[in-house]
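Each remark here refers to the structure printed beneath this line.
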Number of protein chains: 2
Amino acid sequence: MSKGLRTRREIVNTALTMALDVGLEGVTLGTLATELDLSKSGLFAHFRSKEALQLAVVAEAEAWFALTVVRPALALPRGEPRVQGLFEGFLRWVRGEIRAESADERPPALGGNRCIFMALAEEYDDRPGDVRDALVRAQRAWRATIERACRLAVDEGHFRRDVDPTQFAFEFMGVVMTFKHSLKLLEDDDAEPRARVAFGGLLARSRAVA
Amino acid sequence: MSKGLRTRREIVNTALTMALDVGLEGVTLGTLATELDLSKSGLFAHFRSKEALQLAVVAEAEAWFALTVVRPALALPRGEPRVQGLFEGFLRWVRGEIRAESADERPPALGGNRCIFMALAEEYDDRPGDVRDALVRAQRAWRATIERACRLAVDEGHFRRDVDPTQFAFEFMGVVMTFKHSLKLLEDDDAEPRARVAFGGLLARSRAVA
DNA sequence: CGACAATACGACCGATCGTGCTATTTTGCA
DNA sequence: TGCAAAATAGCACGATCGGTCGTATTGTCG
């Protein structure tokens with residue numbers, strides 16, 4: 001990989017980390033450049049606008065999410081185990097545990113740990129533009145992933161036939177969102193067990209009586 | 001009420017509305033002054049710092065929330081009706097329907113409609129300061145309100161004795177958060193019925209068999 | 001090694017940020 | 001109605017915003 005692309009990735013990953021603290025609009029070219037020991041103009045040359053940088057950040061977040069959350073779950077057997085894997089992966093993600101594939105790729109967000117998608121959802125939910133569009137696309141894809149896993153669980157006979165995958169994904173998201181809220185804002189130590197109880201209930205309700 | 005206090009409220013309510021679009025940090029003294037046909041310094045004189053303005057906005061939001069969500073629910077009979085009232089009020093709030101008590105008090109946020117507390121939760125969940133502290137206090141109070149209503153429902157015999165009010169409030173919040181996410185970001189038309197199904201399930205699980 | 005393209009830098013632009021200070025207008029009351 | 005007090009405006013400040021441009025440095029490859 002060329003020098004340019006390497007620094008570009010460093011920029012994007014650092015911007016991703018900073019965005020967790022101050023939001024994506026709050027990531028400033030100046031502070032970002034200082035953080036990276038780069039000149040502002042040298043940094044800016046990699047993207048022709050700030051919005052391009054923001055889009056790159058969203059794309060990078062998607063890549064890490066796929067690697068950390070989706071991929072490991074897809075390695076699990078289809079049905080309930082995979083659904084559970086998605087949930088566990090999502091918890092890891094919200095806790096800020098991001099894993100790198102190869103050794104030389106350091107993952108972002110070592111300190112500032114929280115789900116950037118939920119942060120961006122609030123930041124952009126009524127701010128039209130390409131960033132919002134990219135975000136919506138990513139979130140819809142994620143919901144679809146949950147739905148697909150749920151549908152497979154129905155097909156496998158793990159879940160009841162009358163389980164609605166869309167409703168399942170809707171409630172799945174709710175559990176993780178309130179988990180994040182409790183953990184990060186309210187600093188509730190019991191957030192994780194409570195999330196497991198809630199999700200356990202959702203699973204139990206969906207499960208076939210067998 | 002003196003002229004000063006009146007304009008002060010106008011400022012705060014307008015800032016509240018703007019914060020729904022651009023976040024609380026994103027509300028600029030300049031744009032706020034322009035919006036209100038005030039000079040920047042004239043506006044600034046009402047608060048001695050931007051943070052004071054932000055704190056006033058949070059306090060104002062709490063007041064509207066109490067008026068729109070909590071108060072109507074407390075008028076309902078204790079037990080399940082009151083719990084349901086809190087949920088319906090919260091849905092109204094998230095949809096942006098804020099009611100004024102007296103005619104001369106125009107409520108804020110006519111256009112930009114979404115829950116400012118969820119937005120601030122993301123904005124401040126790792127940004128220490130007085131604003132965050134105020135927000136955390138407000139959110140904990142809200143959770144406590146839900147828990148109290150749930151406990152009363154247990155006492156009234158509407159809910160099962162082994163229902164955990166804290167867990168109930170945790171899941172209650174999850175339903176509304178995923179509702180807001182679906183409605184505002186994903187623009188899902190089915191968000192509201194899905195939220196009702198989810199909450200209905202939560203109620204059904206909590207209900208005493210009787 | 002030499003050369004050309006890729007990359008980074010420094011200076012600078014107009015605009016706007018939050019925040020003082022002082023002058024002027026407006027308000028409420030004696 | 002007059003006057004102190006309250007409210008608002010005017011102006012300026014240092015800093016920083018996203019972005020441009022010309023130039024220097026550096027990486028890459030023949």
Side-chain angles (χ1 to χ4, degrees), chain A residues 1-58 60 104 120 123-124 127-132 134, chain B residues 1-58 60 104 120 123-124 127-132 134:
Chain A
M1 180 160 39
S2 72
K3 177 86 196 309
L5 287 184
R6 232 176 310 130
T7 55
R8 195 191 142 99
R9 279 201 69 147
E10 264 193 55
I11 293 172
V12 172
N13 275 326
T14 304
L16 176 51
T17 300
M18 295 178 69
L20 291 169
D21 281 343
V22 291
L24 201 43
E25 299 289 331
V27 175
T28 261
L29 299 181
T31 61
L32 184 54
T34 303
E35 178 80 17
L36 287 157
D37 279 311
L38 273 177
S39 72
K40 193 167 58 142
S41 54
L43 182 153
F44 185 77
H46 286 273
F47 319 86
R48 300 193 308 160
S49 73
K50 196 188 182 185
E51 196 183 38
L53 166 62
Q54 294 171 329
L55 289 171
V57 168
V58 173
E60 186 75 7
D104 53 57
L120 295 188
E123 203 172 346
Y124 288 95
R127 192 179 313 198
D130 290 346
V131 176
R132 189 200 133 102
Chain B
M1 178 159 40
S2 73
K3 176 86 198 308
L5 287 184
R6 232 176 310 130
T7 53
R8 194 191 142 101
R9 279 201 69 146
E10 263 193 55
I11 294 171
V12 172
N13 275 326
T14 305
L16 177 50
T17 300
M18 296 178 71
L20 291 169
D21 281 342
V22 292
L24 200 43
E25 299 290 331
V27 175
T28 261
L29 300 182
T31 61
L32 185 53
T34 303
E35 179 81 17
L36 287 157
D37 279 311
L38 272 178
S39 72
K40 195 167 55 140
S41 55
L43 182 153
F44 184 76
H46 284 273
F47 319 86
R48 302 192 308 156
S49 73
K50 194 188 184 183
E51 197 184 37
L53 167 62
Q54 295 172 328
L55 290 171
V57 168
V58 173
E60 187 74 5
D104 53 58
L120 295 187
E123 201 173 347
Y124 287 96
R127 191 180 314 197
D130 290 346
V131 177
R132 189 202 132 104

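Order of the sequence lines sets the chain letters (A, B, ...), proteins ahead of strands, with each chain counted from 1. Side chains included, hydrogens not; waters and symmetry mates left out as well; all remaining heavy atoms used.
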Taking only the side-chain nitrogens and oxygens of [X], find out if one of them lies under 4.0 Å from OP1 or OP2 of [N].
X     : N      : result
B/S2  : D/dA7  : yes
B/H46 : D/dA6  : no
B/T28 : C/dC17 : yes
B/K40 : D/dT8  : no

What's [X] touching, base or sugar-phosphate or nothing? Going by heavy atoms closer than 4.0 Å.
X     : value
A/A45 : nothing
B/L38 : sugar-phosphate
B/S41 : base

Can any side-chain N or O of A/K50 pair as donor or acceptor with the backbone N or O of A/V27 at less than 3.5 Å?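 Yes, because the side chain of A/K50 sits within donor-acceptor range (under 3.5 Å) of the backbone of A/V27.
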Does the B/T28 side chain pair with the main chain of B/T31, one donor and one acceptor, at a distance under 3.5 Å?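 Such a contact is absent between B/T28 side chain and B/T31 backbone.
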Salt bridge check, A/E25 against A/R127: does any charged N sit closer than 4.0 Å to a carboxylate O?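 The answer is yes: the pair qualifies as a salt bridge.
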Closer than 4.0 angstrom, basic N to acidic O: yes or no for B/R132 and B/E123?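 Salt bridge between B/R132 and B/E123, a charged N being under 4.0 Å from a carboxylate O: no.
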Within this structure, what is the [atom1]-to-[atom2] distance between [X] and [N], rounded to whole angstrom?
X     : N      : atom1 : atom2 : answer
A/I11 : C/dA8  : CD1   : C1'   : 10 Å
A/L32 : D/dT16 : CG    : P     : 16 Å
A/L43 : C/dA6  : CG    : P     : 19 Å
B/E51 : C/dG18 : CD    : P     : 13 Å
B/L29 : C/dG18 : CG    : P     : 4 Å
A/L36 : C/dA8  : CG    : P     : 11 Å
B/L53 : C/dT19 : CG    : C1'   : 14 Å
A/F47 : D/dT20 : CZ    : P     : 15 Å

Checking B/N13 against B/V57 for the side chain to side chain contact (heavy atoms under 4.5 Å, CB included) test, could you report, in this order, the C-alpha distance in whole Å, the side-chain angles of both residues, the deciding distance, and whether it holds? CA-CA 7 Å; B/N13 275 326; B/V57 168; over 6 Å; no
Checking contacts here: which listed nucleotide (D/dG27, C/dC9, C/dG28) is nearest the side-chain heavy atoms of A/K3?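 Closest of the options to the side chain of A/K3: D/dG27.
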Closest nucleotide among D/dT20, D/dA9, C/dC9 to the A/F44 side chain: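 Looking only at heavy atoms from C-beta outward on A/F44, the closest nucleotide is D/dT20.
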Pairwise 5' ranking along DNA chain D for A/S49 and B/L5, keeping only the more 5' one: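 Looking at the nearest nucleotide for each, B/L5 comes out on the 5' side.
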Counting distance alone, no hydrogens or angles: does the base of D/dG19 have a donor or acceptor under 3.5 Å from a partner atom on the side chain of A/K50?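 Checked by distance alone, the answer is no.
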